[in-house]
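Chain A is the first sequence line, chain B the second, and so forth, proteins listed ahead of strands; every chain is numbered from 1. Reckoned from all heavy atoms, side chains included, excluding hydrogens, waters and symmetry mates.
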Protein chains: 2
Amino acid sequence: MTDLFPKKGHDHDRCIDSAIAQAEKVCEAESARFTDMRRKVFSLIWQSHKAVTAYELLDILQSEGLRVQPPTVYRALEFLTDLRLVHRIESLNAYFGCDQPDCDHLGQYFICTKCGRVAEAVDEDMSIAVRKAAKQVAFKIEATTIEIKGLCHDCTTH
Amino acid sequence: MTDLFPKKGHDHDRCIDSAIAQAEKVCEAESARFTDMRRKVFSLIWQSHKAVTAYELLDILQSEGLRVQPPTVYRALEFLTDLRLVHRIESLNAYFGCDQPDCDHLGQYFICTKCGRVAEAVDEDMSIAVRKAAKQVAFKIEATTIEIKGLCHDCTTH
DNA sequence: TCAAGAAATGATATATTATAACATATCACC
DNA sequence: GGTGATATGTTATAATATATCATTTCTTGA
């Protein structure tokens, strides 16, 4: 068993730093501008391993004294999701920092209904099953949403 | 290749009738009341093989002269989704009539981005892959959302 | 270097999706 | 037929998202 979810007491600053470093690399590679606002939104999303709604982000930004309106947040989110740095969790209307933006994956998301944390998986068997099922019905895949809700390991044992 | 999507020119009245008959059976089995409003909403959802939004349903009901407000529609939808007669497509915020409400499945939804139609699959390999992946990370599944967007067979060939 | 165009953000308004709360009507059962 | 449970009506509002135009900032090439 490998728990996808981070251990309690892990050094979360390292998660954040590494995510930002990776985002910088991706933006550089794409000649995309990692502006202050985008960086700010991205790092807010990475403050936890939970998914965050657009309006939660907005509230935080405003509480820090910034005069930000919804479109600003949604634009940053659009930028980040286009680059796959952030993933939208459809069943939560919320956004989640993506671990592995560089791999061309059909990602899967485990969502703990108790602690609220989200973990991304890139399970080949699942991807293969989806592609095979699509092929069987002659369906040309453009995008997939795979979201699995339930209890993470920590929450089943504690 | 078996196309999950219905053929052009199929007898859609039969789809509707069979869905309603099945819904009646399910309601009966659950001692749940298939009221006029619920039946009306259900049959509106089945008017096509597309997913329908709550407000589209509302507009139709109102255009038929009924004095219906959003809560009425959402209540009917909640009733129907609880019984698995209707499925919510998270990535569309829309609702879709479920083919096979009686099987205890992890359903998967193929959504054509061109014609808008939706088809439900119950692919064992996908279900197995999801359960296996969850088991590997000691995750206890409560619910799954599997939505696959792309082009249906008809839309790739025509 | 700076002018022009492109890209990003600001600002205002509004669209879309969903629910809370309480009133009324209908149903099921004794 | 009265009573409690269930369903729907009604009003208001919350939560999520986008359209549009103005302004600012950045980039790039003369």
B:I146 side chain reached by A:T145 side chain, heavy atoms, under 4.5 Å: no
Taking it one step at a time, do A:E142 and A:K140 satisfy salt bridge (charged side-chain N to carboxylate O under 4.0 Å, His left out)? CA-CA 7 Å; A:E142 288 169 355; A:K140 188 168 177 307; 5.9 Å; no
Please report the distance, rounded to the nearest Å, between OH in A:Y95 and C1' in D:dA17. 8 Å
Could you check how far CD of A:Q62 sits from P of C:dT9, rounded to whole Å? 16 Å
Taking only side-chain N and O atoms of A:T72, does any of them lie within less than 4.0 angstrom of OP1 or OP2 on C:dA8? no
Carboxylate-amine/guanidinium proximity below 4.0 Å for B:D154 and B:K8: no
Could you check how far CZ of A:F79 sits from P of C:dT9, rounded to whole Å? 9 Å
In whole angstroms, how far is the P atom of C:dT16 from the CG atom of B:L92? 16 Å
When B:Q69 and A:R88 are each assigned the nearest nucleotide of DNA chain D, the 5'-most assignment goes to B:Q69
In whole Å, what is the span from the CG atom of A:L77 to the P atom of C:dA8? 15 Å
Toward the 5' end of DNA chain C, which comes first, A:T35 or B:P71, by nearest nucleotide? A:T35
Whole angstroms only, please: what is the OH-P distance between A:Y74 and C:dA15? 16 Å
Spacing between B:R75 atom CZ and D:dA5 atom P, to the nearest angstrom: 18 Å
On the nucleotide C:dA8, are OP1 or OP2 found under 4.0 Å from the side-chain N or O atoms that A:R38 carries? yes
Between B:Y109 and B:F96, how do the two ring planes meet: parallel, tilted or perpendicular, split at 30° and 60°? perpendicular
Within the structure, does a side-chain N or O atom of A:T53 lie under 4.0 Å from either OP1 or OP2 of D:dA15? no
Answer with base, sugar-phosphate or nothing: what part of the nucleic acid does A:R67 contact at a heavy-atom distance below 4.0 Å? sugar-phosphate
I need the CE-C1' distance between A:M37 and D:dC26, as an integer number of Å. 16 Å
Looking at A:R33, I'd like to know whether one of its side-chain N or O atoms comes within less than 4.0 Å of OP1 or OP2 on C:dA6. no
Ignoring backbone atoms, test whether A:Y55 places a side-chain nitrogen or oxygen under 4.0 Å from the OP1 or OP2 oxygen of D:dT16. no
Would you say the side chains of B:H153 and B:H158 form a donor-acceptor pair under 3.5 Å? no
